[in-house]
There are 2 protein chains.
Amino acid sequence: MASSPRTAPPSGALNRRLADSGLRSTPQRELIYDVLLRKRDHPTADEVFVRVKTEMPTISLATVYNGLETLVQCDLVRAVNFERGPTRYCPNLRPHAHFHDERSGATHDIDLPPALIEHVKAILPPEYRAEAVEISFRGSTSR
Amino acid sequence: MASSPRTAPPSGALNRRLADSGLRSTPQRELIYDVLLRKRDHPTADEVFVRVKTEMPTISLATVYNGLETLVQCDLVRAVNFERGPTRYCPNLRPHAHFHDERSGATHDIDLPPALIEHVKAILPPEYRAEAVEISFRGSTSR
DNA sequence: TTGGGGGTTAGAATCATTCTAATTATCACT
DNA sequence: AGTGATAATTAGAATGATTCTAACCCCCAA
Ligand SMILES: [Mn+2]
Ligand SMILES: [Mn+2]
Ligand SMILES: [Zn+2]
Ligand SMILES: [Zn+2]
């Protein structure tokens, strides 16, 4: 007989990844991830904190930092940095670059064709083994 | 009659760029730039401070930060960031990417062929105007 | 000479993030 | 269900790179 869950069934991907890493599912982690999925505008930890607090007023900023770090470790979320600005968080798992619009401050995802990623890695001398490539643009968009 | 200089003649590029920006040449700015040119290992501001202090013990960390910022504004030096680490400074003016070696902590320059830069910019939708592209690698080198 | 305007300096302030220590929740096993 | 072990959360202090502030210095032009 199925056990009766006391909360709505948690989103599949998160719980699978947490279990794979030997970590527990918690309401805080669920909510942080949910907030990232709902509005994919590359929020900072502070912005995530504000959004999450409206639904869970007792959550702490430390937990938001911890939870975001956990999601990054589980490969469910990417941490995105522009120069020295605060880290932003992105739940888009497709290979993509980031475009930082100076005018609006917005960050946009730019899908990366696999062939381009290969071209870029191909400029490395053979003794360089790249685990990751980051491509980012700075500029502005019309309209 | 030529005026007698009390110091060695300053490196051409720096003084030209400073003058173009309406800024003055100073021993501090000269030395900071010189230190960057002498050892191109992408030092942090603190590392520049240490190197510069051995030749000018009275210089302050604030001046190092100010001077580095000035050199960046003059387009003589690039500020380089990896995740949330301290900013590093690079006097290589050729278009190039950065490879961060996780093992050694070293940062290496990777020259970028103009054609690759075009390829990368070509993935942007037409309404995106990119003023700058940054490419960085994380990994390790053999030997 | 003198005055104005950078430039430099030491130290305080800022701000994102991490750490600490105490509390609370969850899990596995009775 | 009860219990202990372990993980997670929390508030607040600490950290560390960078920026700001305010006083001082130096150069040049009048
Ligand atoms: Mn911006
Ligand atoms: Mn490293
Ligand atoms: Zn993204
Ligand atoms: Zn470089």
Side-chain angles (χ1 to χ4, degrees), chain A residues 3-7 10 14-15 17-33 35 42-50 52-53 55-74 77 79-89 105, chain B residues 3-7 10 14-15 17-33 35 42-50 52-53 55-74 77 79-89 105:
Chain A
S3 66
S4 55
R6 58 192 68 167
T7 67
L14 173 56
N15 281 44
R17 295 298 187 92
L18 286 172
D20 288 356
S21 303
L23 301 171
R24 296 177 181 171
S25 179
T26 68
Q28 289 87 346
R29 287 171 175 168
E30 295 275 351
L31 179 55
I32 291 165
Y33 187 43
V35 151
H42 302 85
T44 64
D46 262 304
E47 288 164 347
V48 172
F49 182 48
V50 168
V52 134
K53 247 198 313 197
E55 294 177 55
M56 186 183 285
T58 58
I59 199 172
S60 74
L61 179 58
T63 296
V64 171
Y65 272 103
N66 291 341
L68 290 169
E69 171 67 12
T70 297
L71 295 173
V72 170
Q73 297 311 82
C74 291
V77 168
V80 178
N81 291 102
F82 284 107
E83 353 231 90
R84 293 240 92 225
T87 300
R88 299 177 168 278
Y89 296 88
Chain B
S3 67
S4 53
R6 56 193 69 167
T7 68
L14 173 56
N15 282 43
R17 295 297 185 92
L18 287 172
D20 287 357
S21 302
L23 300 170
R24 295 180 184 167
S25 178
T26 67
Q28 288 88 347
R29 288 170 174 169
E30 296 274 350
L31 180 55
I32 290 165
Y33 187 44
V35 153
H42 302 85
T44 64
D46 262 305
E47 289 165 346
V48 172
F49 182 47
V50 168
V52 134
K53 248 198 312 199
E55 294 177 55
M56 186 184 285
T58 60
I59 199 171
S60 73
L61 179 58
T63 296
V64 170
Y65 273 103
N66 291 340
L68 290 168
E69 170 68 13
T70 297
L71 295 174
V72 170
Q73 297 311 82
C74 291
V77 167
V80 178
N81 292 102
F82 285 106
E83 354 233 87
R84 292 241 91 223
T87 300
R88 299 178 169 278
Y89 296 88

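Heavy atoms only: backbone and side chains are in, while hydrogens, waters and symmetry mates are out. Since we're looking at a predicted model, the values are computed, not measured. Labels below follow one simple rule: chain letters A, B, ... track the order of the sequence lines, proteins then strands, and each chain is numbered from 1.
Put simply, CE on M56(B) and CD1 on I32(B) are 8.0 Å apart, with the number rounded to the nearest 0.5 Å. Taken to the nearest 0.5 Å, the CZ atom of F82(A) stands 11.5 Å off from the CG atom of N81(B). Atom OG1 of T87(B) and atom CD of E83(A) lie 8.5 Å apart (nearest 0.5 Å). Atom CZ of R29(B) is separated from atom CG of L14(B) by 8.5 Å, given to the nearest 0.5 angstrom. Atoms CG and OG, from N15(A) and S25(A) in turn, are 3.5 Å apart once rounded to the nearest 0.5 Å. Put simply, CG on L71(B) and CZ on R17(B) are 10.5 Å apart, with the number rounded to the nearest 0.5 Å.
Residue E83(B) contributes atom CD, which lies 18 Å from atom P of dG16(D) at whole-angstrom precision. Counting to the nearest Å, the P atom of dC27(C) and the CG atom of N15(A) are 10 Å from each other. Rounding to whole angstrom units, CE of residue M56(A) and P of dA25(C) are separated by 12 Å. With rounding to whole Å, E69(B) atom CD is found 10 Å from dC20(D) atom P. For L31(B) and dG7(C), the CG to P distance is 17 Å, given to the nearest whole Å. As rounded to whole Å, 13 Å separates atom P of dG7(C) from atom CD of Q73(B). As a whole-Å value, the separation of L61(B) CG from dG7(C) P is 19 Å. Protein atom CZ of R88(A) is 15 Å distant from nucleotide atom C1' of dT17(C), rounded to whole Å.
In this structure, T87(B) reaches the sugar-phosphate backbone alone: every heavy-atom distance under 4.0 Å involves primed, P, OP1 or OP2 atoms, never a base.
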So which protein nitrogen or oxygen atoms get under 3.5 Å of nucleotides 6-9 of chain D's nitrogens or oxygens?
unit_1: dA7(D); atom_1: O4'; unit_2: R24(A); atom_2: NH1; d: 3.2
unit_1: dA7(D); atom_1: O4'; unit_2: R24(A); atom_2: NH2; d: 3.3
unit_1: dA8(D); atom_1: OP1; unit_2: R24(A); atom_2: N; d: 3.1
unit_1: dA8(D); atom_1: OP1; unit_2: R29(A); atom_2: NH1; d: 2.8
unit_1: dA8(D); atom_1: OP1; unit_2: R29(A); atom_2: NH2; d: 3.3
unit_1: dT9(D); atom_1: OP1; unit_2: T26(A); atom_2: OG1; d: 2.6
unit_1: dT9(D); atom_1: OP1; unit_2: Q28(A); atom_2: OE1; d: 3.4
unit_1: dT9(D); atom_1: O3'; unit_2: Q28(A); atom_2: NE2; d: 3.2

Report, one pair per line, the protein and nucleotides 13-15 of chain D atoms (nitrogen or oxygen only) whose separation is under 3.5 Å.
none

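At a threshold of 4.5 Å between non-hydrogen side-chain atoms, the residues L18(A) and T26(A) do not count as touching. Using a 4.5 Å heavy-atom threshold, the side chains of P86(B) and D46(B) count as separate. Using a 4.5 Å heavy-atom threshold, the side chains of K53(A) and I59(A) count as touching.
The side chain of R84(B) places no N or O atom within less than 4.0 Å of a non-bridging phosphate oxygen (OP1 or OP2) of dA17(D). Under 4.0 angstrom from either OP1 or OP2 of dT18(D) there lies at least one side-chain N or O belonging to Y65(B).
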